[in-house]
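Note sheet for the following structure.
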Amino acid sequence: MDKKYKVIVGLGSCGIAAGGLKVMEAIKAKLVAMGVAVVLDETGCMGMCYKEVLVEIINPDGKSYIYGNVTPDKVDQIFDAHIGQGQPVTEMVVQGSDISTNEDSFFAKQQRIVLQRCGKINPESLDEAIAMDAYKAIEKALKTMTPEQVAEEVLASGLRGRGGAGFPTGMKWKFAAASKGDKKYIICNADEGDPGAFMDRSVLEGDPHAVLEGMMIAGYAIGADEAYIYARAEYPIAIKRLKIAIKAAEERGFLGKNVMGTSFNFKIKIKEGAGAFVCGEETALISSIEGKRGMPKIRPPFPAQSGLFAKPTNINNVETYANVAYIILNGAASYNKYGTEKSKGTKVFALAGKIARGGLVEVPMGVSLKDVIYEIGGGTSSGKPFKAVQMGGPSGGCIPANLLDTIIDYDSVNKTGAIMGSGGMIVMDEDNCMVDIARYFLSFTQSESCGKCTFCKIGTNRMLEILTRLTKGEGREGDIELLEELADQIRRNALCGLGQTAPNPVLTTLKYFRHEYEAHIKDKKCPAKQCRPLIKYLILEDKCVGCTACSRVCPVKAISGAPKKAHTIDSSICTKCGACKEKCRFSAIVID
Amino acid sequence: MSNCNCCCSQESKYFEKLESILKNYEGKESDLIPILQDIQAAYGYLPEDVLNKMCEKTGMFQTQVMGVATFYSQFRLQPTGEHVIKICFGTACHVNGAEKVADALADELKVKFGGTTEDGKFTLETVACLGCCSLAPVIMIDEEAYGRLTPDSARNIIREYYATGRA
């Protein structure tokens, strides 16, 4: 058989947002114009979000080349050279079989288990997934293992819940398996609500079958025959691909009655969330599936005893389920060889913020934060000094530069005051104000508080008020102590995880950047020069050449001055939008 | 309905969409959120009269329906403008200057967050995270994402919409 070139376009959400569909159209047109037959396919997230749009070309001999930053107008050049003349355009290749590139270190320290098929297969093709071992683990479990053995294997692997809290998954399954009941449920928490986190979305978009298979294995282990995936409605592509994957699996006899010819029955339904962060909490999520307001309940009873519709229920998140098939297929020992003593396997992170190479990365537990941020991420995007990395979203905290040797495992990260969380990793440089970051997260948790318990509902409000006045230059003596007292009360007394962890962003920034809080209160200054009420834009007379670029861009006409003469900013009108500073080519505008 | 002066044929047409939505559900409590999602997809928002009719048909209580409709941020009780602008306030966007982009858009459109422009063309909203963090700061207009924005480039997108007649 004649082998053809294979062309794969990355069409995860990031790729589409960066213009992937337009690139796809351009490639289709180009191929028609060239009159060559190639296999054109699409895939999910390849990981290098910072180089989107990504296009992979696989030669007939199997060598592969990934092109980065592809735009429709580069398609001609790439295809004429690579497919027309058999010469890859090396300077545009970000990863290639026989080329070394500047981007190779992005993958060097990664270990892909959860993401093994992500970016490699067409997520809408069951056959491509099967060709890479999908559904072999459930077959092995159903045909050669008892449910107890399955739970035992997962327990032995050391897998802990990847939603953030890190409870041992095998233990959770055993509790649900031990609960008596004629009906049990499996739920997949795909309500990835942390702002700045996109791991689960990428897995669902890139390899939905990995999640379905993990849920099936869990269902077999606990004795459930029905499952729900609770997915954010904001993830339309993930939901679409899940629906396609479920339908394909049903048609193939992998889902439904008598799975793979055994007596195991399993069906999976999708429930679209409606936009409430608190629904990431398991009891709130259950209330939401039941059609109620998504408000948490006091545990016990735990869902393993009384969950969805008051039946025993096992809930894990997307990434947790996506680990399971690997464990069952390859055995616990081949999984727990990765990681540290108490944190086994790998963890997927969404690397974003002021990072040079933002994207989706999967590393073995035990690598250091420095490895992830510098070796993989390439340091800050601005080139300015690194200040902190935020882990765990609104429930987590900021880890400063001097703790970058911290290794990634649940316990080491917890010691810093942050949490592993679901995998958001936001890098900040010296221009980011830590008081502002704390205010940002509190404004998020405060608006997402469901309002059920007083400590969270009122406590987060009071904390937000204080943080807001600090960033406005209205801080008072005693505000720091008041923040600490409120944080302590909320942490100990709030009903659910949302409230209990809401103070973390404040506590960690207080712990590591207390001087910034003090500067806001005592000196009414923002050391990072970010809090607008505390800064002033000034034009340096000796540097200004009077080009008028700033006065033309100022939206409120706060800048005056004759052409070729130094300009001035009227700070009573200035809204501190920064447009002038961005426009100035002479570095004549500074922030005081 | 003996003294009904409304145009009944039109009224029944208005509720036809609701009727066909309800055909897909048994009307159990656990159907409520999907029903509301379908209503919003069909009508663009959750009109009060449609919700009342839905309660009549399913036997759900208005308090229960409003409780759910106001709890989740996805549901709108007011119609939107022709285009909906979602400004991402995710962490990655925040640290990359989303606030300045947001202020520029609010100023350009002369509208507050959550509001609709006087000409009914744009509704300006903020959202927790659009998930394309590597393109921060990002906005989404209807289904199209615009990334790596500055206050200036964000204003230009709006001007482009008006200049090219898309708005």
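Keep in mind the model is a prediction, meaning the values are calculated, not measured. Labels below follow one simple rule: chain letters A, B, ... track the order of the sequence lines, proteins then strands, and each chain is numbered from 1. Excluded from the calculations below are hydrogen atoms, water molecules and symmetry mates; all remaining heavy atoms, backbone and side chain alike, are included.
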Most heavy-atom pairs under 4.5 angstrom with chain B, which of [options]?
options                                : value
A:Ser381, A:Ser288, A:Pro394           : A:Ser288
A:Lys576, A:Gln390, A:Lys271           : A:Lys271
A:Glu582, A:Arg232, A:Met428, A:Arg532 : A:Arg532
A:Ala274, A:Ala352, A:Ala276, A:Gly291 : A:Ala274
A:Phe198, A:Tyr50, A:Tyr440            : A:Tyr440
A:Gly358, A:Cys450, A:Cys433, A:Gly353 : A:Gly353

Give a yes or no on whether B:Gln78 atom CD has more than 12 heavy-atom contacts from other residues, nucleotides or ligands under 6.0 Å away.
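Not buried by this count: 12 neighbours or fewer within 6.0 Å.
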Counting only non-hydrogen atoms closer than 4.5 Å, does [X] touch chain B with its backbone (N, CA, C, O), its side chain (CB onward), both, or neither?
X        : answer
A:Arg293 : both
A:Val427 : backbone
A:Phe444 : side chain
A:Asp431 : neither
A:Phe309 : side chain

Go through B:Leu130 and A:Glu234 one step at a time and tell me if the side-chain contact (heavy atoms from CB on, under 4.5 Å) criterion holds.
CA-CA 7 Å; B:Leu130 291 169; A:Glu234 291 91 332; over 6 Å; no
Choice from B:Ala104, B:Ala145, B:Ser30 maximising heavy atom contacts with chain A below 4.5 Å
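With the most close heavy-atom pairs to chain A, the winner is B:Ser30.
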Of the listed residues (B:Val68, B:Thr91, B:Thr150), which shares the most heavy-atom pairs with chain A below a 4.5 Å separation?
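It is B:Thr91.
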Atom [atom1] in [X], atom [atom2] in [Y]: separation rounded to 0.5 Å?
X        : Y        : atom1 : atom2 : result
B:Cys133 : A:Ile355 : SG    : CD1   : 13.0 Å
A:Ile437 : B:His94  : CD1   : NE2   : 4.5 Å
B:Phe89  : A:Ser447 : CZ    : OG    : 11.5 Å
B:Asn96  : A:Asp429 : CG    : CG    : 8.5 Å

Please list all pairs passing the ring pair (Phe, Tyr, Trp, His ring centres under 6.0 Å) test where one or both residues lie in residues 136-159 of chain B, with sequence neighbours left out.
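The answer is none; no pair qualifies.
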Which heavy atom in B:Cys129 sits nearest to a heavy atom in A:Gly196, and how many Å separate them?
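Taking B:Cys129 first and A:Gly196 second, the nearest heavy atoms are SG-N, 3.2 Å.
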Might you point out which heavy atoms bring B:Tyr72 and A:Lys292 nearest each other, and give the distance in Å?
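Scanning both residues completely, I find the closest heavy atoms to be OH-O, 2.7 Å.
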Listed by residue number, which members of residues 10-21 of chain A have a heavy atom under 4.5 Å from any heavy atom of chain B?
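Near chain B, by residue number: A:Cys14, A:Ala17, A:Ala18.
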Report, one line per pair, each donor and acceptor closer than 3.5 Å where one atom sits in a side chain of residues 31-41 of chain B; sequence neighbours left out.
unit_1  : atom_1 : unit_2   : atom_2 : d
B:Asp31 : OD2    : B:Glu26  : N      : 3.3
B:Asp31 : OD2    : B:Gly27  : N      : 3.1
B:Asp31 : OD2    : B:Lys28  : N      : 3.1
B:Gln37 : NE2    : A:Glu272 : O      : 3.2
B:Gln37 : NE2    : A:Gly273 : O      : 3.0
B:Gln37 : NE2    : B:Gln74  : OE1    : 3.1
B:Asp38 : OD2    : B:Tyr25  : OH     : 2.8
B:Gln40 : OE1    : B:Arg76  : N      : 2.9
B:Gln40 : NE2    : B:Gln74  : O      : 2.8

According to salt bridge (Lys or Arg N to Asp or Glu O under 4.0 Å), does anything in residues 140-161 of chain B pair up with another residue at least two apart or in another chain? List the pairs.
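Output for this query lists A:Lys22-B:Glu144, A:Lys583-B:Asp152, B:Asp107-B:Arg155, B:Glu108-B:Arg155, B:Glu108-B:Arg159, B:Glu144-B:Arg166.
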Check whether any side-chain heavy atom of B:Val95 sits under 4.5 Å from a side-chain heavy atom of A:Ile426, and report yes or no.
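Sidechains of A:Ile426 and B:Val95: in contact.
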Can you tell me which portion of B:Ala136 sits under 4.5 Å from chain A's heavy atoms? Options are side chain, backbone, both or neither.
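No part of it gets close to chain A.
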